[in-house]
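Naming convention: chains lettered A, B, ... in sequence-line order (proteins, then strands); numbering from 1 in each chain.
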Amino acid sequence: MDNRENKVMLQLENVNKYFFRYTQDEQWAVRNLNLKISEGQFVTVVGSNGAGKTTLLNLISGSYLPDSGKIMINGEDVTNLPAYRRAPYIGRVFQNTFQGTAPSLTIEENLSLAYLKGKRKGLRPAINDEVKKFFQEKLADVGLGLEKRLRERVGLLSGGQRQALALVMATFGHPKILLLDEHTANLDPKTGEKIMELTNKLIEENTLTALMVTHNLQSALSFGDRTLMMDEGEIVLDLVGEERKKMTIEELLERFSELRHKKFTEDRALLSS
Amino acid sequence: MFGILALGVFITFRCLDFPDLTVDGSYPLGAAVFAVMIYHGFGAGWAMLAAFLAGALAGAFTGFLHTFSRIPALLSGILTMTCLYSINLRIMGRPNISLSENLGHRTIFVILRDWFPEVPEAYLRLAFLLVLIVGIKLLLDFFLGTEIGLSIRATGDNETLVESQGVNPDSMKLIGVSVSNALVAFSGAMFAQHQGFVDVNMGIGMVVSGLASVIVGEVLMRGKTIFVMTLQVIVGSIVYRLATAVALNWGYNIGFKPYDLKLFTGLIVIIILSYPAVQERFSRRARTKQNG
């Protein structure tokens with residue numbers, strides 16, 4: 001391991017999040033969560049429905065603010081920063097393929113939006129020849145032919161193409177942390193695979209720190225270098241190194257029922273295993 | 001003239017997806033501020049600038065109600081519009097004001113006539129308004145293509161995305177609604193000069209006629225680039241005005257009165273907006289018939 005891995009990029013300390021607090025429907029969605037992710041780590045997160053995976057991502061991105069605890073990105077306390085103030089540190093791709101892009105804007109306009117992230121916006125034209133060339137290069141790397149369609153509206157693209165575009169947008173400007181929220185779940189298996197490959201490529205090329213929520217236990221184990229399993233708002237299993245390499249899906253499910261005295265309930269995960 | 005108003009309505013309804021009813025109040029606001037400035041001896045240019053800024057302020061107030069107090073967009077607009085009714089009366093001091101050259105009020109049209117005395121006034125007005133609307137259209141095209149403009153359009157499209165790209169969607173709404181109402185107030189000031197008077201009730205139904213222009217334009221022309229979309233709005237507003245003029249003339253002969261106009265404007269918008277839903281229902285019925 002190189003020493004980059006020692007620097008902590010993301011840290012959560014005793015983070016708690018409730019929904020409908022002080023009502024009958026109160027849900028303790030994230031419970032006393034502690035997590036440290038080093039720079040350059042690619043962490044995958046699995047867990048049954050309602051385990052708190054997406055809530056965790058929303059807490060990191062600032063879409064939700066925690067009820068207690070502390071969140072630090074690259075050593076900076078961001079606990080109470082609203083989402084748009086944290087955005088410069090974070091790249092995010094969503095499960096819904098319409099969420100990561102603006103459908104009625106063109107490809108170049110979408111890219112420009114991501115390109116301008118964290119910069120002060122003024123009355124300069126958002127698109128010029130220079131950035132256009134940059135966009136074309138970036139899209140050519142993806143290999144979907146999108147670089148020739150810069151002026152087309154994103155709503156006309158397929159789900160896979162939109163997701164690829166969202167990925168490119170999310171990795172612009174080298175975010176401190178890349179959040180992937182089941183970003184291949186709404187795609188057909190073949191496209192999903194391609195997007196997964198692209199994800200891996202972008203993370204490696206840019207040496208990004210990433211956190212990926214997935215329903216697919218196989219990709220959770222085969223991609224990245226660390227796997228977290230969540231249940232009822234807690235991290236119940238944290239796999240790295242040799243232990244993770246030897247882990248199979250069957251063993252993972254077994255470990256889960258041993259730990260939690262119940263079965264891992266996730267139809268989609270079982271189907272895809 | 002109404003093209004400017006329609007462009008304002010276009011920003012909120014199409015770019016921001018923010019149904020803004022402030023327009024009915026900011027339109028007479030622009031006219032009122034203009035008239036009062038003229039009465040106090042300011043030049044037409046300053047008076048129009050003041051009208052523009054007053055409109056922006058009204059828009060900002062609606063935007064503030066919506067983004068800070070979290071009042072729904074429609075209600076925010078209605079509240080501002082209601083407040084503006086009293087404010088407009090306060091500004092004007094009475095329900096209507098006339099602008100007359102005899103009183104020494106030099107409107108932009110009077111100034112132009114003095115510059116080009118040989119051109120007939122009707123043509124001069126038309127030419128000036130054409131130049132003005134094209135200028136505003138191009139400026140707006142430019143604005144919507146800038147970094148801020150792009151962020152505004154993206155906010156109406158996908159707020160989550162905008163947020164995750166480090167832009168505060170609330171600020172974008174505030175800016176968008178302000179620019180929109182500034183244009184509307186400016187168009188009110190232009191109308192006041194054209195008509196030679198200001199009436200506190202002149203704003204009633206302006207949102208709907210602006211919206212009608214936007215929709216008519218979209219029906220008449222296809223295209224989704226900003227250049228084409230703003231052109232659609234202008235063409236739409238011209239066609240809409242022509243149509244109402246014809247309708248007023250013709251309608252008079254078959255027993256309709258000018259005051260029926262707003263009813264028909266409303267009906268036109270209703271028909272166009274309902275068209276997709278009605279069509280869907282009919283095609284579904286046709287399909288079930290075929291299958292049954």
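- Considering every non-hydrogen atom in both A114(A) and Q165(B), the closest pair reads CA-OE1, 3.4 Å.
- Atom CD in E108(A) sits 9.5 Å away from atom CG in L150(B) (nearest 0.5 Å).
- At distances below 3.5 Å, at least one donor-acceptor pair connects side-chain atoms of E147(B) with backbone N or O atoms of G122(A).
- Taking chain B as the reference chain and counting heavy-atom pairs below 4.5 Å, the highest number among R153(A), R85(A), R151(A), R92(A) is found for R153(A).
- Crowding of E130(A) atom CD: a count of heavy atoms from other residues, nucleotides or ligands under 6.0 Å not exceeding 12.
- In the displayed structure, F42(B) atom CZ is contacted under 6.0 Å by at most 12 heavy atoms of other residues, nucleotides or ligands.
- Heavy atoms from other residues, nucleotides or ligands lying under 6.0 Å from CG of D129(A) number 12 at most.
- Both the backbone and the side chain of S104(A) come within contact range of chain B, with heavy atoms under 4.5 Å apart.
- With a threshold of 4.5 angstrom between heavy atoms, L116(A) approaches chain B through side-chain atoms but not through N, CA, C or O.
- Within 6.0 Å of OH in Y89(A) there are 12 or fewer heavy atoms belonging to other residues, nucleotides or ligands.
- Counting heavy-atom pairs closer than 4.5 Å to chain A, the top-ranked of the candidates D157(B), T225(B), I148(B), V162(B) is D157(B).
- Dense packing is recorded around NZ of K201(A), with more than 12 heavy atoms of other residues, nucleotides or ligands lying under 6.0 Å away.
- Minimum heavy-atom separation, Q99(A) to N158(B): O-ND2, 2.8 Å.
- For chain B, the nearby part of T101(A) is the backbone; its heavy atoms alone come within less than 4.5 Å.
- Within a 6.0 Å sphere centred on NZ of K194(A), other residues, nucleotides and ligands contribute 12 heavy atoms or fewer.
- Around the CZ atom of R21(A), the shell of radius 6.0 Å holds more than 12 heavy atoms that belong to other residues, nucleotides or ligands.
- The shortest side-chain heavy-atom distance between V167(B) and Y84(A) does not fall under the 4.5 Å cut-off.
- Residue pairs meeting the ring pair (Phe, Tyr, Trp, His ring centres under 6.0 Å) criterion with at least one member in residues 96-126 of chain A, sequence neighbours excluded: Y115(A)-F134(A), Y115(A)-F135(A).
- Taking OG of S164(B) as the start and CZ of F94(A) as the end, the distance is 5.0 Å to the nearest 0.5 Å.
- Along residues 43-70 of chain B, no residue comes nearer than 4.5 angstrom to chain A, judged on non-hydrogen atoms.
- Taken from CZ in R124(A) to OG1 in T146(B), the straight-line distance is 9.5 Å, to the nearest 0.5 Å.
- Taken from CG in L113(A) to CG in L161(B), the straight-line distance is 5.5 Å, to the nearest 0.5 Å.
- For chain B, the option among P88(A), P103(A), A83(A) with the highest count of heavy-atom pairs below 4.5 Å is P103(A).
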